[in-house]
Amino acid sequence: QVQLVESGGGLVQAGGSLRLSCVVSGRTSSDYVMGWFRQAPGKEREFLAAIIGSGGSTYYADSVKGRFTISRDNAKNTVYLQLDNLKPEDTAVYSCAAAARPLRLPMPSAYDYWGQGTQVTVSS
């Protein structure tokens, strides 16, 4: 059974930064495509970024390209999402997810396992 546990969320002022972590247990994280999503109240879950394979090819949503950076540390079985230049509209619950195959990466349905999420709140 694969388990994903996020951490690193919190309250930050606009323009600030946070680094989210997602620790993978039960399997080696490099066996999976790892993605980050967010969901704000009353909105649909939004794809942010994905990282593929042990080599770490990355894929970003246009809305966050240049501000958010996904990376992985295979030795720690951990995936990160660096959030820079945060805006109030970035406020949401951020979740990591694991997919067995690199198909339809922006689609939540493509992912097999999900973490519980971590809250990010950006004040103006």
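Just so you know, these numbers use all the heavy atoms, side chains as well, and skip hydrogens, waters and symmetry mates. One is the number of the first residue; the rest follow in order along the sequence.
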- [ ] State, yes or no, whether a side-chain contact exists between T118 and S7 at a heavy-atom distance under 4.5 Å.
- [x] no
Task: Under 3.5 Å donor-acceptor, D112 side chain and A99 backbone - done: no
Open item on the list: For S63 and E46, which I'm curious about, is there any donor-acceptor pair between the side chains at under 3.5 Å?
Closed with: yes
TODO: Mind listing the closest non-hydrogen atom pair of N85 and R67 along with its distance?
DONE: O-NH1, 3.0 Å
TODO: Give me the ring orientation class for Y32 and Y113: parallel if the planes are under 30° apart, tilted from 30 to 60°, perpendicular past 60°.
DONE: perpendicular
Task: From CD1 (I51) to OG (S57), nearest 0.5 Å - done: 8.0 Å
Open item on the list: Can you confirm whether the side chains of S17 and D84 place a donor and an acceptor under 3.5 Å from each other?
Closed with: yes
TODO: Hey, could you give me the OG/CG distance between S95 and L4, rounded to the nearest 0.5 Å?
DONE: 9.5 Å
TODO: Determine the sole option in Y60, Y94, W36, F37 for which the ring-ring contact (aromatic ring centres under 6.0 Å, His included) test with F47 is passed.
DONE: F37
TODO: Determine, step by step, whether I52 and L105 satisfy the side-chain contact (heavy atoms from CB on, under 4.5 Å) criterion, reporting the C-alpha distance in whole Å, the side-chain angles of both residues, the deciding distance to 0.1 Å, and the verdict.
DONE: CA-CA 10 Å; I52 304 169; L105 293 179; 3.6 Å; yes
Task: Y59 atom OH, over 12 foreign heavy atoms within 6.0 Å - done: no
Task: Residues K87, D90: salt bridge by 4.0 Å N-O rule - done: no
Task: Shared hydrophobic cluster for V120 and F68 (ILVMFWY, side-chain gaps under 4.5 Å) - done: yes
Open item on the list: Any side-chain to backbone donor/acceptor pair from E6 onto C96? Under 3.5 Å, distance only.
Closed with: yes
Open item on the list: Distance check, rounded to the nearest 0.5 Å: S123 atom OG versus L86 atom CG?
Closed with: 10.0 Å
- [ ] Treat each ILVMFWY residue as a node, draw an edge where side-chain heavy atoms are under 4.5 Å apart, and state whether I70 and L20 are in one component.
- [x] yes
TODO: Carefully, step by step, assess V24 and V2 under the rule side-chain contact (heavy atoms from CB on, under 4.5 Å).
DONE: CA-CA 7 Å; V24 182; V2 176; 4.1 Å; yes
TODO: Working to the nearest 0.5 Å, report the span between NZ of K65 and OG1 of T58.
DONE: 9.5 Å
Task: Partner of V12 by side chain to side chain contact (heavy atoms under 4.5 Å, CB included), out of L83, L18, T121, T91 - done: L18
TODO: Could you tell me the separation between the CE atom of M34 and the CG atom of N77, rounded to the nearest 0.5 Å?
DONE: 8.5 Å
- [ ] May I ask you to test the L48-R38 pair for a side-chain heavy-atom distance under 4.5 Å?
- [x] yes
Open item on the list: Is there a side-chain contact (heavy atoms from CB on, under 4.5 Å) between T69 and L81? Walk through the geometry before answering.
Closed with: CA-CA 6 Å; T69 305; L81 187 67; over 6 Å; no
Task: Reported CZ-to-OH distance for the pair R101 and Y111, which is rounded to 0.5 angstrom - done: 13.0 Å
Task: Minimal non-hydrogen separation, K76 against T78, with atom names - done: O-OG1, 2.8 Å
